[in-house]
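Accompanying notes for the structure given below.
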Amino acid sequence: MKPIRQLSVVPTLPENLEPLRELALNLWWTWDNEALSLFRHLDSELWEETYHNPVAMLGKISQEQLQAAAKNEVFLAHLDVIHKKFKSYLSAPSWFETHSNNEALSDIKIAYFSMEFGLTECMPLYSGGLGVLAGDHLKSTSYLGLPFVGVGLLYQHGYFRQTLTSDGWQMADYPENDFYNMPIQPEQTPDGDQLLVEVDYPEGKAFAKVWLAQVGRIPLYLLDTNIPENENAELRDITDYLYGGDERMRIKQEILLGIGGYRALAALGIHPTVCHMNEGHAAFLALERIRQLIADNGIGFDEASEATTAGNIFTTHTPVPAGIDWFPPELVRHYFRNYFGSLGISEEKFLGLGRKNPSDHNSEFSPALVALRFSTMSNGVSQLHGHVSRNMWKGLWHNLPVHEVPIKAITNGIHTRSWVSEDMQNLFNRYLGPKWIVDLTNQDVWTQISQIPDTELWRTHERRRERLIAFARQRQSQKRRKRFNQTLTAQNTNQEHEAAAKTLNSAALTIGFARRFATYKRATLLFNDLDRLEKILNDPERPVQLIFAGKAHPHDHEGKVLIQKINKIAGESRFQHKILFIQNYDICVGRYLVEGVDVWLNTPLPPNEASGTSGMKAAQAE
């Protein structure tokens, strides 16, 4: 029986603790260690229970604890310092404001569209490197103070939670996201109503609710179709799963991101001068920009496309054609049959926009080709990937030599403060001063790094390795308890402590491998010669150990086989306590790994790895 009504009883914040709510709703806390410690000190157990989610934590904490904190002068003083620091961050002149003296820059507004955003572990709206890169982009542009806005989708289930069976086979679980207990808020119209945008589909008109995730200075707008206004279940389910469903679901999601996302910005009064498409998923925004310009100015398709292309940028992350979306022409006709007319072009011309050869009426349609054709600049994400991409798409520019194909290379980066450990940040602060974190490219600052004693630098790293091993043991203990459905009695708690103490060695050379389990990344390359590996790992004078983490796509059988193989080998007696697979890889697991390992293992099959930002994180965190 369904309940007639659901009631949620949440604590009331005392007036002098109201700044906690403001801090919780801005993801600035994800990269500020002092802000993190503020929530952790409020209730460390609840902080872990809510998986580092301050909004959920403030909703669950007892009223008695809040009243006690409201009378705790030490806590209040800490809160006041952090709140003032937060306000100063938002109001201080940014890098962009101090460097953009050109009047032409004053009107720039950049909109960054991505299918996924990885900002923190309590917001599972990402699957891997593409999303984490997008999240780091938002954090970095917040620091720089760029006139920037993000656009994405808000998934009811997001990407899956990984569990492993007793024989190491990956299973997928899809917990439901509770948006009202996440650090996001619904956007409203000037009249106070919820902000909705409309997108037409053959199944009917879809409504999408707009949510805001504030990332420092940068707003991220997320579209949600799982709302009562969509009576058709197919329309409600558009934002159900990240990369879930079939081709029909994929094209519906990409229509919502590109067309719906651009309409959401218009409804918010935001008119971007530059639209950045992070992968081909957002390519349909280029067509929506053309459609709106035609509607507003009464010009033709060619004139509108030339005008809007000047303000589009496309980043491709995929080094192989198989990784690009390709849709059958009949599917594209089905979903765009009412859109051709608004662009003033024929059905065949529309389909040609996404074909390698526009005249080949039987070939499939790729949004990535739309993005390439309607962008003033396209780029790969490393120098090698730029070279690979130029070769991959050279057919679009028949008369140009490969080196002149207009696809550049801009090497990916990371948001340093999100990935450098607190221990290492404190060490840098002592010897380099605070300037290193606000002026990362200043060589004069980094020349002082030689002042750090080798012993102190190494001991700082050793502490991070010790914390990684403690974290890995805790995860392993939780997995065993769940598998055997143990209750926490004194006897089995002691048994767990004894078993955990044998897992890994906090003093051994630790090699880490953590990423998506696609076959080309070759996660099992180290296991080609098990006898040799045994000698290396079990050297009594120079012990070595391996920690793996990562997810295979739910439909990637071969990727799952790789995970199972690692777990099977880890279970052999000769490798016991020397190899560990940490399940449910996410931002939290990744943070512990990049901060704690001695060696970061990256063994992809060249040239299939576009960039590899995980290795950048490991280098920074060390």
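Nothing here was measured: the structure is a model prediction, and the numbers come from that model.
Applying ring pair (Phe, Tyr, Trp, His ring centres under 6.0 Å) to His157 and the options Tyr241, Tyr243, Phe179 leaves one that passes, Tyr241. Checked options Arg430, Arg467, Arg459; the residue passing with Asp423 is Arg467 (criterion: salt bridge (Lys or Arg N to Asp or Glu O under 4.0 Å)).
Two residues are said to be in side-chain contact when any heavy atoms from C-beta on lie closer than 4.5 Å; Asp32 and Lys85 meet this criterion. Contact annotation: the side chain of Phe148 never approaches that of Val274 to less than 4.5 Å [non-hydrogen atoms, C-beta and beyond]. The closest side-chain heavy-atom distance from His281 to Leu130 is below 4.5 Å. Using a 4.5 Å heavy-atom cutoff, the side chains of Leu242 and Leu125 are not in contact. Pro183 is listed as a side-chain neighbour of Met123, based on a closest heavy-atom distance under 4.5 Å. No side-chain heavy atom of Lys551 sits less than 4.5 Å from a side-chain heavy atom of Phe517. Contact of the Trp28 side chain with the Leu23 side chain is registered, since non-hydrogen atoms from C-beta on lie closer than 4.5 Å.
Taking CG of Leu90 as the reference point, atom OG of Ser142 lies at 7.5 Å (rounded to 0.5 Å). Interatomic distance, Thr416 OG1 to Ile437 CD1, rounded to the nearest 0.5 Å: 6.0 Å. Here CG of Leu146 is found 7.5 Å from OG of Ser94. Values are rounded to the nearest 0.5 Å. One finds the CD atom of Glu187 at 10.5 Å from the CG atom of Leu222 (value rounded to the nearest 0.5 Å). A distance of 7.5 Å separates CD1 of Ile227 from NZ of Lys209, quoted to the nearest 0.5 Å. In this structure, the separation between OG1 on Thr460 and CD on Gln425 is 12.5 Å, given to the nearest 0.5 Å.
Between the side chains of Glu229 and Gln194, a donor-acceptor pair is found at a separation under 3.5 Å. For Glu279 and Thr318, the side-chain atoms include at least one donor-acceptor pair closer than 3.5 Å. Between the side chains of Ser418 and Lys139, at least one donor N or O sits under 3.5 Å from an acceptor N or O. Of the N and O atoms on the side chains of Tyr51 and Asp586, at least one donor lies less than 3.5 Å from an acceptor on the other residue. Residues Asn278 and Thr315 have side chains that never bring a donor and an acceptor to within less than 3.5 angstrom of each other. Glu456 and Tyr431 share a side-chain donor-acceptor pair at under 3.5 Å.
Ion pairing between a basic and an acidic side chain is recognised when a charged N comes within 4.0 Å of a carboxylate O; Lys521 and Glu609 show such pairing. Salt bridge Glu18/Arg21: present, at least one basic N to carboxylate O contact under 4.0 Å.
In this structure, Arg475 forms no cation-pi arrangement with Phe471, as its terminal cationic atom is not both closer than 6.0 Å to the ring centre and no more than 45° off the ring axis.
The closest donor-acceptor contact from the side chain of Asn26 to the backbone of Gly216 lies under 3.5 Å. Remark: the backbone N or O of Thr239 is not paired with any side-chain donor or acceptor of Gln253 at under 3.5 angstrom. In this structure, the side chain of Arg161 does not engage the main chain of Asp173 through any donor-acceptor pair within 3.5 Å. With Gln63 contributing its side chain and Thr12 its backbone, the two residues share a donor-acceptor pair below 3.5 Å. Between the side chain of Thr225 and the backbone N or O of Arg236, at least one donor-acceptor pair lies under 3.5 Å. Looking only at distances, no side-chain donor or acceptor of Asn429 sits under 3.5 Å from a matching main-chain atom of Pro434. Remark: side-chain polar atoms of Ser114 are not paired, donor with acceptor, to backbone N or O of Phe117 under 3.5 angstrom. No donor-acceptor pair closer than 3.5 Å links the side chain of Asp325 to the backbone N or O of Ala368. For Gln188 (side chain) and Leu195 (main-chain N/O), no donor-acceptor pair under 3.5 Å exists by modelled atom type. Gln383 places no side-chain N or O within donor-acceptor distance of the main-chain N or O of Thr411, the cut-off being under 3.5 Å.
Within a 6.0 Å sphere centred on CZ of Arg40, heavy atoms belonging to other residues, nucleotides or ligands number more than 12.
In this structure Glu22 satisfies the side-chain hydrogen bond (donor to acceptor under 3.5 Å, both in side chains) test together with His83, Lys87, sequence neighbours excluded. The side chain to side chain contact (heavy atoms under 4.5 Å, CB included) check on Pro93 picks up Glu97, Thr98, with sequence neighbours excluded.
Residue Leu17 comes nearest to Leu76 through the heavy atom pair CD2-CD2, 3.8 Å, listed as atom of the first residue, atom of the second, then distance. Contact record, Leu36 with Thr30: CD1-O, 4.2 Å, taken as the closest heavy-atom pair. When every heavy atom of Val381 is checked against every heavy atom of Ala610, the shortest pair comes out as CG2-CB, 3.6 Å. Closest non-hydrogen pair, Val589 versus Tyr585, comes out as CG1-CD1, 3.9 Å. The two residues His385 and Gly380 have their closest heavy-atom pair at ND1-CA, 3.3 Å. When every heavy atom of Ala208 is checked against every heavy atom of Leu256, the shortest pair comes out as CB-CD1, 4.0 Å.
Using cut-offs of 30° and 60° on the angle between ring planes, the pair Trp436 and Phe428 is perpendicular. Using cut-offs of 30° and 60° on the angle between ring planes, the pair Trp47 and Phe39 is parallel.
Residue pairs satisfying the side-chain hydrogen bond (donor to acceptor under 3.5 Å, both in side chains) criterion with at least one member in residues 210-221, sequence neighbours excluded, are listed as follows: Trp211-Asp224.
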